[in-house]
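Beneath this line is the structure, given in structure tokens, with notes to follow.
Index from 1, following the sequence.
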Amino acid sequence: MASISVVLSRPRSGIPEPAFRGMAEKIAAAVGAEIPFAVVSHLYDADPQGPVFQFLRELPGDLLVLAPMYPRAAHLVLRANGLDVVLGNPDRPPPSDPTGQATGPRTAWYLDYRDYLMAEELAEKVREFLRDRRPATVHDAPSGFLSGPGWRFVEEETRPRWYPVIDAERCTNCFECVNFCLFGVFDLDTASRIFVAQPDACRPGCPACARVCPSGAIVFPLYADAIIAGADGNGNGGIPPGLIAISPTSLRRTPAETDSRKEQAEAERRRYLAEAGSQDAKREDGPSADVSEADRSSRRADAPDLDRWMDELEGWDP
């Protein structure tokens, strides 16, 4: 069985530093000295080319990730930031070569620690998960990994980010998000698949593209709505039984809720269109107006017809 490392992602806020340090110490004790254990900055806010994700790329073997996000969202964040990982399935071992070594992408399991009121309970879940998994050796770990009690802080200066992550297995390449977004967040890659081209161009707090996506493939991990934030009613998100469970029926929307979602998306769309028009007007009046009216008209003409995409949402039941 492949070696494994444990990663604890900091929260943005809500847990005082002494309490978080105490939680980390209990988890470190559950992990043990032989398994690499790291505390990192909030994964959603980390730069894809920064110290945190560079460190995660160098970690040995599979990963158990503890983060303040739904497991599906945490998995999509790792993949969006360049980690080649597959979602762990407790009932199916990873592929291996004749020597018994794991092959192919690393496997990652996820634990949403917001579900636990007591650090002791969380630590016990970690201990249960690791019990039957071979630990990485000191030689497997990146240089200088093991220090002090056997765990390490890997942090970077971050700022609160807001960007969508795409579930490639659900995306049907319908182009609704490309046509809908006003800010150029989405584009097509060389294989003509939709991807998040400019994540930091996304409007902070706006989840409207997730509402118009007919397949529910767009996730905003820190949004208040559970489905938009990545809660998944299809199984338990690759988490072994006992670590986390999500009830499919608890996440299904009523027709009234679906109508409300569409109304919210339309309101957000109209508000951002109005703001964009207001900004154009200011540029026209200001001394630095350097955007031609033809360019502005072209941008407005690119906006999809609201009635069309609202009609296409009829009957969508995530």
Output the distance between atom [atom1] ([X]) and atom [atom2] ([Y]), rounded to the nearest 0.5 Å.
| X | Y | atom1 | atom2 | result |
| --- | --- | --- | --- | --- |
| Glu157 | Ser41 | CD | OG | 9.5 Å |
| Glu121 | Lys26 | CD | NZ | 13.5 Å |
| Cys209 | Ile228 | SG | CD1 | 8.5 Å |
| Ile35 | Ser3 | CD1 | OG | 9.5 Å |
| Leu78 | Arg57 | CG | CZ | 9.5 Å |
| Gln198 | Phe183 | CD | CZ | 12.0 Å |

Please find the pair of heavy atoms, one from [X] and one from [Y], that lie closest to each other, and give the distance.
| X | Y | result |
| --- | --- | --- |
| Leu83 | Arg106 | CD2-NH2, 3.9 Å |
| Met23 | Leu122 | SD-CD2, 3.7 Å |
| Phe37 | Ala24 | CE2-O, 3.7 Å |
| Leu222 | Met69 | CD2-CG, 4.1 Å |
| Val86 | His75 | C-CE1, 3.5 Å |
| Cys202 | Pro164 | SG-CD, 4.0 Å |

Side chains of [X] and [Y]: does their closest heavy-atom pair fall under 4.5 Å?
| X | Y | value |
| --- | --- | --- |
| Pro68 | His42 | yes |
| Tyr70 | Pro221 | no |
| Val52 | Thr158 | no |
| Ile194 | Leu188 | yes |
| Glu156 | Phe53 | no |
| Ile4 | Phe129 | yes |
| Val196 | Val185 | yes |
| Phe20 | Val39 | yes |

Is the backbone N or O of [Y] less than 3.5 Å from a side-chain atom of [X], with the two atoms forming a donor-acceptor pair by type?
| X | Y | value |
| --- | --- | --- |
| Arg79 | Ala168 | no |
| Tyr116 | Ala123 | no |
| Arg12 | Asp45 | no |
| Asp62 | Thr107 | yes |
| Tyr113 | Ala119 | no |

Worksheet item: Can Val219 be reached from Phe195 by stepping across I, L, V, M, F, W or Y side chains whose heavy atoms are under 4.5 Å apart?
Response: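 In one cluster with Phe195: Val219, no.
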
Worksheet item: Is there a path of hydrophobic side-chain contacts, each under 4.5 Å between heavy atoms of I, L, V, M, F, W or Y residues, that connects Leu56 with Tyr163?
Response: yes

Worksheet item: Taking only residues at least two apart or on different chains, which pairs with a member in residues 160-169 satisfy salt bridge (charged side-chain N to carboxylate O under 4.0 Å, His left out)?
Response: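 For residues 160-169, and leaving out neighbouring residues, the salt bridge (charged side-chain N to carboxylate O under 4.0 Å, His left out) pairs sorted by first residue read Arg72-Asp167, Arg161-Asp200, Asp167-Arg170.
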
Taking [X] first and then [Y], would you say they form a salt bridge - that is, a charged N and a carboxylate O separated by under 4.0 Å?
| X | Y | answer |
| --- | --- | --- |
| Glu124 | Arg127 | yes |
| Arg21 | Glu25 | yes |
| Glu17 | Arg10 | yes |

Discussion item. For Trp162 and Phe220, take the angle between the two ring planes, folded into 0 to 90°, and tell me which bin it lands in: parallel under 30, tilted 30 to 60, perpendicular over 60.
Written reply: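 Answer is parallel, since the angle falls under 30°.
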
Discussion item. My understanding is that only residues two or more places apart in sequence, or in another chain, count here; which of them pass ring pair (Phe, Tyr, Trp, His ring centres under 6.0 Å) with Phe186?
Written reply: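 Expected list: none.
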
Fill in: With sequence neighbours excluded, residues passing side chain to side chain donor-acceptor pair (under 3.5 Å) with Asp47
none

